[in-house]
There are 2 protein chains.
Amino acid sequence: MTASRVLSGAGYSSGEAREAVRRAADELGYRPNTIARALVQGATRTVGLVVGDVENPFFATLARVIADALEERGYTLLLTNSDEDPTREGRLVDALLGRQVDGLIVAPSAGAGRHLAAAVAGGVALVQVDRAVRGLAADVVLVDNAHGAEVAVSHLAALGHQRIACVTDPVGLGSSRERVAGYRTAIAAHGLEPFIFEAAGVTQHAGLAASRHALAARPTALFTASNLMTLGAMRAIREAALAIPADVALIGFDDLDWTTLVDPPLTVVAQPVAEVGRVAAELLLERLTGDTKPPRRVRLRTSLVVRHSCGERP
Amino acid sequence: MTASRVLSGAGYSSGEAREAVRRAADELGYRPNTIARALVQGATRTVGLVVGDVENPFFATLARVIADALEERGYTLLLTNSDEDPTREGRLVDALLGRQVDGLIVAPSAGAGRHLAAAVAGGVALVQVDRAVRGLAADVVLVDNAHGAEVAVSHLAALGHQRIACVTDPVGLGSSRERVAGYRTAIAAHGLEPFIFEAAGVTQHAGLAASRHALAARPTALFTASNLMTLGAMRAIREAALAIPADVALIGFDDLDWTTLVDPPLTVVAQPVAEVGRVAAELLLERLTGDTKPPRRVRLRTSLVVRHSCGERP
DNA sequence: CTGTTAGCGCGTTCAG
DNA sequence: CTGAACGCGCTAACAG
């Protein structure tokens with residue numbers, strides 16, 4: 001009826017009728033049922049987000065930025081955590097699809113290709129963040145992992161470090177794999193020997209264990225490939241009563257609040273996290289408004305933030 | 001038709017028909033439309049969560065725990081950030097209600113009573129976390145803020161501190177107000193003079209500014225009423241080139257990963273964040289399954305974690 | 001400009 | 001046990 005036209009703002013309505021409807025709606029405390037509207041329009045204005053774990057500050061920032069960008073355009077965010085488990089991720093994607101999300105932003109876990117491929121085949125807009133499934137025809141926004149790692153390790157080499165170990169999350173994750181590749185490139189370029197320690201999981205605890213092994217190899221410097229690994233390394237170093245950078249230098253990937261609070265402040269490779277989120281949201285929004293151009297792959301630049309944990313001159 | 005009965009598991013169906021339907025559904029890649037089902041059943045199995053900001057680790061953990069507990073029961077989480085702005089929070093709650101969430105978990109910002117009252121009047125299950133709107137007939141789970149603050153300040157006093165300043169988030173937030181009250185109680189009990197510095201906002205930056213003012217009063221100890229304030233205080237102290245605890249002692253509310261990484265490790269009042277989330281989810285789930293008992297108010301215990309930032313003997 | 005009608009995809013009747 | 005019809009709240013299309 002007319003009421004619908006008034007409230008949804010579309011179609012014709014006389015000023016008089018508009019007034020009447022508005023007033024009535026107000027008094028009855030009428031609130032449109034978004035879900036019924038979605039059923040007929042075939043669009044829920046809802047987007048599903050699948051991250052590894054919101055407790056990881058990297059993902060928390062991502063979630064925050066994406067939520068803001070979407071909210072601005074009337075979309076709402078369905079948040080889920082995969083714990084980097086592909087089975088769990090599959091279930092989550094299914095649940096999200098069943099809820100008729102218009103789009104999906106996913107940080108794909110290792111080996112999560114099947115469900116995502118099915119999703120895009122089913123015509124859902126999909127944007128991958130932080131990592132990409134090989135061969136999947138979907139937008140993706142990531143950072144320059146290999147280059148960032150390479151710069152970090154070269155920084156250590158330039159400071160005279162010869163035994164540089166790498167502590168990384170499981171390399172099943174594309175981002176980790178790329179960072180390790182960058183590490184290898186730099187190590188080879190400087191004619192050094194690689195020492196790679198892969199954590200058993202994406203947790204601070206696994207990072208601690210891997211870092212203990214790394215320290216047992218008596219490196220003069222550690223490159224940690226994620227903020228969780230950096231946290232683990234800090235604990236291992238403290239546990240071994242080693243001094244940074246005198247006994248062992250440390251350079252991490254990803255910059256967090258606390259990196260400037262510790263002594264010495266940490267030299268790190270900073271990621272443009274907020275921009276990753278912003279771009280991902282933008283790409284998705286474009287797809288949602290009918291853009292059908294071929295999938296785009298955006299790679300954002302990391303930057304080396306030199307502080308004092310590698311033996312730099314003050 | 002029969003298919004519906006088979007797939008939804010209810011009603012009668014012959015084993016033979018069941019088989020046929022299952023197979024057909026599989027081959028067609030049929031995925032039930034949760035939204036259509038919701039329209040007829042009047043339940044979306046979706047819960048809205050309104051926190052101040054997921055980037056705050058306190059809320060990130062809360063979101064994580066709540067998401068897990070709900071997911072286990074087939075619910076999905078709609079995540080939003082209020083930035084502690086009641087106007088914004090009102091819009092978010094409206095949007096969430098329009099999306100027909102079955103329930104709401106909210107950390108109410110200062111003066112957010114109206115929309116929440118309307119929501120419960122409208123029959124939505126609501127659980128408040130971390131803070132409560134006065135006089136709102138809804139469940140709430142919070143921590144023992146006043147007592148935690150009191151213990152913290154008494155700890156400082158027992159160590160001989162006489163000039164103890166308090167740096168707090170805006171006291172419009174119930175949690176902050178309670179912590180300041182606890183500070184006052186302890187200060188009075190020890191016959192000391194209160195010095196209270198209220199930040200202009202719930203951000204690290206506002207905490208830094210308030211901490212600068214606090215330090216200008218030459219206190220021998222600082223009590224910071226939230227993790228953001230602690231972060232700000234750490235920066236202000238470093239900026240003033242003061243040593244902890246020799247020049248100024250520090251005790252914070254809320255324990256985070258990095259508090260043991262700084263030197264000295266921070267003495268803090270730890271909150272049972274995960275349990276807050278778990279209990280909130282449980283309460284909501286109970287309401288969702290028809291519990292109509294009068295609103296419950298759960299208060300969880302905080303604990304003093306003694307480390308070395310207050311001049312404690314090692 | 002406005003009233004009426006159909007139907008989005010389901011679950012729930014109520015007959016068979 | 002199964003098929004058919006109805007309706008959840010809304011918008012789209014079509015008459016008036």
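Proteins come first, then strands; the chains are lettered A, B, ... in the order of their sequence lines, and each starts at number 1. Because the structure is predicted, anything quoted here is derived from the model rather than measured.
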*Please determine, for the side chain of B:N33, which listed nucleotide (D:dG9, C:dC10, D:dT11) has the closest atom?*
C:dC10
*asked:* Taking D:dC6 as the reference, what is the distance to C:dT5 when you measure between their P atoms (whole Å, please)?
replied: 15 Å
*What's the CZ-C1' distance between A:R31 and D:dG9, to the nearest Å?*
15 Å
*Separation of D:dG9 P from B:R37 CZ (nearest whole Å)*: 18 Å
*Atom CZ of A:R99 and atom C1' of C:dG9: how far apart are they, to the nearest Å?*
16 Å
_B:R299 atom CZ, neighbour heavy-atom count above 12 within 6.0 Å_ = yes
*Could you tell me whether B:R287 and B:D102 make a salt bridge, using a distance below 4.0 angstrom between a side-chain N and a carboxylate O?*
no
_Electrostatic pair B:D53:B:R88 at N-O distance under 4.0 angstrom_ = no
_In this structure, how many angstroms lie between the P atom of D:dG7 and the CD1 atom of A:I35, rounded?_
21 Å
_So if I take every side-chain heavy atom of A:L39 and compare against D:dG9, D:dG7, D:dC10, which nucleotide ends up nearest?_
D:dG9
*Any B:V101 side-chain heavy atom under 4.5 Å of B:V47 side chain*: no
*Do any side-chain nitrogens or oxygens of A:Q41 fall under 4.0 Å of OP1 or OP2 in D:dA12?*
yes
